[in-house]
Amino acid sequence: MSPDRAQQEAAWLTTEQHNDVLRLAAGGDWTISRLSQLDRELRSLPASNNPVEIDGSALERLDSAGAWLLLRTRRQMEAEGAAVETVAMPERFKPLIEIIARGDEKSYAMQQPMAHPFLFRVGRGFMQALEQGYNMLGYLGQVTAETTNVIGPQKKLRWVAFANQIEQTGINALPIVGLLGFLIGIVLAYQGADQLRQFGAEIFTINLLGVGILREIGVLITSIIVAGRSGSAFTAQIGTMRVNEEIDAMQTMGLNTVDVLVLPRVLALVITLPFLTFYADVMAMIGGAMMCYVDLGISIPAFMRQLQGAVTINTFIVGLVKAPVFAFVIGLVGCFEGLNVERNAGSVGRLTTRSVVESVFLVIVLDAGFSIMFSILGI
Amino acid sequence: MIVQAGTEGRNDPVIAVRGLVTGFGTKIIHDHIDLDVRRGEVLGIVGGSGSGKSLLLRAIIGLVQPRAGSIRVFGEETGEAGNPDMRALQMRWGVLFQAGALFSSQTIAENIQVPLREYTTIGTGLMTEITAMKLAMVGLPADTAWKYPSELSGGMIKRAALARALSLDPELLFLDEPTAGLDPISASNFDILVRDLQQSLGLTVFMVTHDLDTLYATTDRIAVLVDKKIKIGTIDEIRRDPNPWIQEYFGGARGRAALAS
């Protein structure tokens with residue numbers, strides 16, 4: 001061993017050939033923060049079956065990682081047929097080396113399980129999507145059956161929870177729904193006016209607003225906000241209860257989770273979403289009227305007259321009739337995903353995201369379905 | 001468990017608490033308590049529910065800020081747990097939380113490797129070997145490495161969390177109710193494991209526990225939190241204390257059974 005080297009490096013290894021015997025001298029601090037270089041050196045030792053001596057006399061500090069390196073080297077050399085002897089290992093390191101040597105040799109050859117091939121994952125994803133759809137359908141049936149029970153002759157709806165949910169999903173959503181409706185009205189009026197002005201048909205901005213907002217955009221925007229706001233909250237609330245085993249506790253007490261958790265939420269949403277949609281419609285009209293006044297100089301009475309001619313009560317009803325359906329889907333998906341949560345923290349986040357994405361997707365798909373239906377019915 | 005003392009002297013206490021006061025709102029939990037933990041000993045902390053056992057542990061590791069008093073670990077004043085100045089100190093201790101606190105989005109192997117990745121420069125090959133070694137050390141089968149915490153039983157989670165706490169070879173180990181929620185066989189195996197590791201690695205252990213069997217099986221001294229104060233001594237010394245809570249604790253049916261075993 002060279003003293004120079006010992007001063008430069010806090011942990012070192014020297015190899016020396018004495019006749020037949022290869023002498024490995026370890027010294028310094030063999031602790032985890034200094035081992036990356038030694039690990040490479042030890043791995044690159046040439047294979048041979050000559051006798052080996054491992055000298056630990058110059059070791060100052062040794063931790064379990066360092067002891068493991070010594071042990072690994074020893075086992076590796078023994079596997080190659082060399083006779084290995086450890087000499088001059090300080091007494092104080094022996095218990096540590098022993099406890100590490102006690103480990104099962106096989107356990108150190110830790111094999112990572114094979115990653116699944118691409119096709120396997122595609123197939124599994126498809127089957128999971130099918131299963132998810134199947135389960136959701138089953139769940140839809142269950143909730144529908146329970147709903148008829150609750151609003152049927154027995155009338156056992158949980159009113160306190162229901163009222164609480166109305167407050168949370170409806171009243172507390174008023175500011176954000178109103179603000180976004182108002183802004184959408186402004187944006188639509190501004191862009192519409194800009195385009196229609198080229199034909200000298202600015203006045204039809206009001207028709208665009210009336211039909212666009214009342215029939216489609218009002219209810220869509222409201223549904224998307226509610227999916228992001230309340231649908232995600234349903235999943236997170238119920239999911240957290242699942243993690244805490246509260247759902248299991250309810251079931252063991254004979255409480256029906258659909259009754260207690262799902263119906264108050266879904267029904268509250270079915271009631272509140274049409275009202276929120278109406279509110280968003282009104283706010284969007286106010287925003288549009290303001291923009292028409294500022295940008296096009298159309299007075300409020302003129303705006304009202306034009307609006308009256310542009311839309312019928314049917315336009316308004318067509319928009320509003322979709323709201324309870326969307327609400328039912330949002331509530332259903334939110335609760336369904338919440339009940340699917342597994343008992344780990346990551347699951348709540350993952351399923352909350354999935355719940356929002358699924359409900360927004362379903363809302364838009366249903367909206368397209370409604371459009372086709374209304375056009376066939378000629379409304 | 002690095003087998004050599006650091007800069008501080010061999011006989012200095014590993015943890016030195018002086019005049020510690022903690023509390024919530026108007027309620028005082030610890031009223032000017034002093035506590036020394038000696039190098040290489042297993043100290044058990046006992047006390048009734050709400051006596052502040054876990055709070056004391058959390059104050060020492062910096063998760064709770066004391067209202068008054070000083071806490072020194074390895075001779076250094078401790079600060080808030082998130083403070084970067086605490087890193088050097090944090091590398092020298094490991095904490096086993098009551099419910100394991102394994103990161104649920106990571107496999108057991110990744111959990112054990114978190115401190116290794118953060119604080120060392122070792123390559124992936126050696127890192128895998130060290131992970132396997134730690135798993136073997138706490139008595140878990142090698143295939144546990146690829147499982148997620150949600151797939152393990154309570155006892156296995158405790159062992160995996162212990163492996164993570166030991167991954168940087170700390171000199172000081174904090175255990176918060178290590179045997180709570182384990183069946184008696186697993187609990188007694190865990191006691192043996194802790195004692196075993198403590199002796200071969202030269203650890204100092206600070207252990208909060210309710211478990212009388214654990215106290216008898218593993219600790220060198222115990223500290224009892226009663227009436228906002230602390231009493232420290234060997235089990236025999238403490239058992240002679242006339243305090244009614246202590247008498248009931250050790251003299252009750254469970255206390256006598258643990259003593260007899």
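Just so it is clear: chains get the letters A, B, ... in the order the sequence lines come, proteins before strands, and each one is counted from 1. The structure displayed is predicted, hence computed values, not measured ones.
- Heavy atoms of I97(A) lying under 4.5 Å from chain B are absent altogether.
- Under the 3.5 Å distance criterion, the side-chain polar atoms of D63(A) are matched with a main-chain donor or acceptor of A65(A).
- Using a 4.0 Å cut-off between a side-chain N of Lys or Arg and a carboxylate O of Asp or Glu, R75(A) and E78(A) do not qualify as a salt bridge.
- Each of T120(B), L126(B), L116(B) has some count of heavy-atom pairs under 4.5 Å with chain A, and the biggest count is that of L126(B).
- By the side chain to side chain contact (heavy atoms under 4.5 Å, CB included) test, S150(B) is found to be paired with N344(A), Y148(B), residues two or more places apart in sequence or in another chain being considered.
- In this structure, chain B has a heavy atom under 4.5 Å from the side chain of R72(A), while its backbone stays farther away.
- When heavy atoms are compared at a cutoff of 4.5 Å, R40(A) does not approach chain B at all.
- Atom CG of L130(A) sits in a crowded spot, with more than 12 heavy atoms from other residues, nucleotides or ligands closer than 6.0 Å.
- Side-chain atoms of T86(A) never come within 3.5 Å of backbone atoms of I54(A) as a donor-acceptor pair (strictly under, hydrogens ignored).
- Proximity to chain A involves both the backbone and the side chain of T121(B), based on heavy atoms less than 4.5 angstrom apart.
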